[in-house]
Asks: 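The structure that follows is given in the form of C-alpha cells.
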Amino acid sequence: MIKVRNLTKKYGKLTANDGINLTVNAGETAILLGPNGAGKSTLIKSICGLLRFSGEVTIDGYDCRSLEAKRLMGYVPEIPTPFPMLTVAEHLEFIARAYKLSDWQGRADALLQRFELDDKRNKLGKELSKGMQQKISVCCALLPEPKVVIFDEPLVGLDPHGIRELKAVVSELRDAGKALIVSTHIIDSVEDSWDTTLIMNKGRFAREIRRSEQFGDDLEQIYFSIIDEGKASEVEEGAE
C-alpha cells in the first residue's frame, strides 16, 4: 500500500533523510520512533507529497504526488493549521466538497461527537485551543475514509479523552485494513497497536523491529541503547 524506495531529502548540505526504504501493507501500522531532529517529520511530509525529494514513494501504486494518491490518504500534521475564519462544521463541509463525498454528514456528526467537538460546531478555527485544533485535524483526515492514514506526533496537545479515542481509532483503522504510519517520540504511546517499529536517528533507520520477532528487550531499552550509542559516536568524532 505504502512503498518508499531510496528516499533522500536534503536541505542544502544537511541530509534530513538518507536512502530510506519502507513498506507498509494494508492492515499494518508502522511506528516511527526517534528524537527531535531525527528526520521523522521530513519523511512524513515527503510520503505525503508535500516536499521535493529524490527516490520513489507510491501509495497503492500511484506516485505520492498524484491526485489519485492524495485521494487515498488522510494526513494529520504535527502542527494543526485550521482555517481561521471557518467554523468546525465548515471545515468538514470543505473536506466533503473537496473530496466530492456523498452521504458524509452522518460520519461527520459521529466524528465530532467522538472527539467532543459536537458542541463546538460554530466555533471559528482561530477560536479553537491547540487540542481542539488537533481534534478537527483528525476529523478532517478521517472523514473521506482513506485507505492510508499518516499521523505526525498526533497526541501532542490532546486531553486524556482525546488520547484515548485516538488510540482506539488507530486500532480500529488497522483492523479495518488501512495502512498506517504514526510518528512519535513518546514511546509509551505506542503500546500494542503496531506491526513494525522503525527507530530513526540522523536521517536513517537505525533499527527495524517486527512484532513477530523475538526481540528480547522492550522498545524503551532498545530505543535508548540506539540513541545513546549515536550520541557517544558524536562525542568520539568530535574529540578526534
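This structure is a prediction, so every number in the text was calculated from the model and none was measured.
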Asks: Do the charged groups of E28 and R174 touch, with an N to O distance under 4.0 Å?
Replies: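 Result for this pair is no, no salt bridge flagged.
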Asks: Kindly indicate whether the side chain of K178, heavy atoms from C-beta on, has any atom under 4.5 Å from the side chain of T29.
Replies: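 No, every pair of side-chain atoms sits at 4.5 Å or beyond.
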Asks: Show me the pairs that pass side-chain hydrogen bond (donor to acceptor under 3.5 Å, both in side chains) and involve residues 123-144, at least two apart or across chains.
Replies: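 Listed once each, the pairs are K135-D159.
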Asks: Salt bridge check: are D18 and K9 linked by an N-O gap of less than 4.0 Å?
Replies: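 Between K9 and D18 there is no salt bridge, as every charged N stays at least 4.0 Å from the carboxylate O atoms.
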Asks: Scan residues 73-82 for pairs that pass side-chain hydrogen bond (donor to acceptor under 3.5 Å, both in side chains), counting only residues two or more places apart or in two chains.
Replies: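 Those involving residues 73-82 are S41-E78.
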Asks: When you measure from the side chain of S225 to the backbone of I222, do you find a donor-acceptor pair of N or O atoms at a distance under 3.5 Å?
Replies: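 Yes: the side chain of S225 pairs with the backbone of I222.
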Asks: Flag yes if F115 and F83 sit in one hydrophobic cluster, no otherwise; membership is Ile, Leu, Val, Met, Phe, Trp, Tyr, and two members link when side-chain heavy atoms are under 4.5 Å apart.
Replies: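 Yes; tracing contacts between hydrophobic side chains, which count when under 4.5 Å, links both residues.
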Asks: Are any of the side-chain nitrogens in D109 or R121 under 4.0 Å away from the carboxylate oxygens of its partner?
Replies: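 Looking at R121 together with D109, the answer is yes, because their closest N to O distance falls below 4.0 Å.
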Asks: Please determine whether the number of non-hydrogen atoms from other residues, nucleotides or ligands lying under 6.0 Å from atom NZ of K3 exceeds 12.
Replies: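 Count not over threshold, so no.
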Asks: Looking at D103, I'd like to know if its CG atom is crowded, meaning that more than 12 non-hydrogen atoms belonging to other residues, nucleotides or ligands lie closer than 6.0 Å.
Replies: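 No, not enclosed.
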Asks: Kindly indicate whether the side chain of T196, heavy atoms from C-beta on, has any atom under 4.5 Å from the side chain of I31.
Replies: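 Sidechains of I31 and T196: no contact.
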Asks: I'd like to know if L32 and F151 are part of one continuous hydrophobic network [Ile/Leu/Val/Met/Phe/Trp/Tyr, side-chain heavy atoms within less than 4.5 Å].
Replies: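 Per the 4.5 Å side-chain linkage, F151 and L32 are not co-clustered.
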Asks: Looking at E172 and R114, is there a salt bridge between them, counting it only when a charged N and a carboxylate O are closer than 4.0 Å?
Replies: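 Salt bridge: yes.
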Asks: Are T184 and L33 side-chain neighbours, meaning at least one heavy-atom pair lies under 4.5 Å?
Replies: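 Sidechains of L33 and T184: in contact.
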Asks: Under the rule for side chain to side chain donor-acceptor pair (under 3.5 Å), what residues qualify as partners of D63, not counting sequence neighbours?
Replies: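 Expected list: R65.
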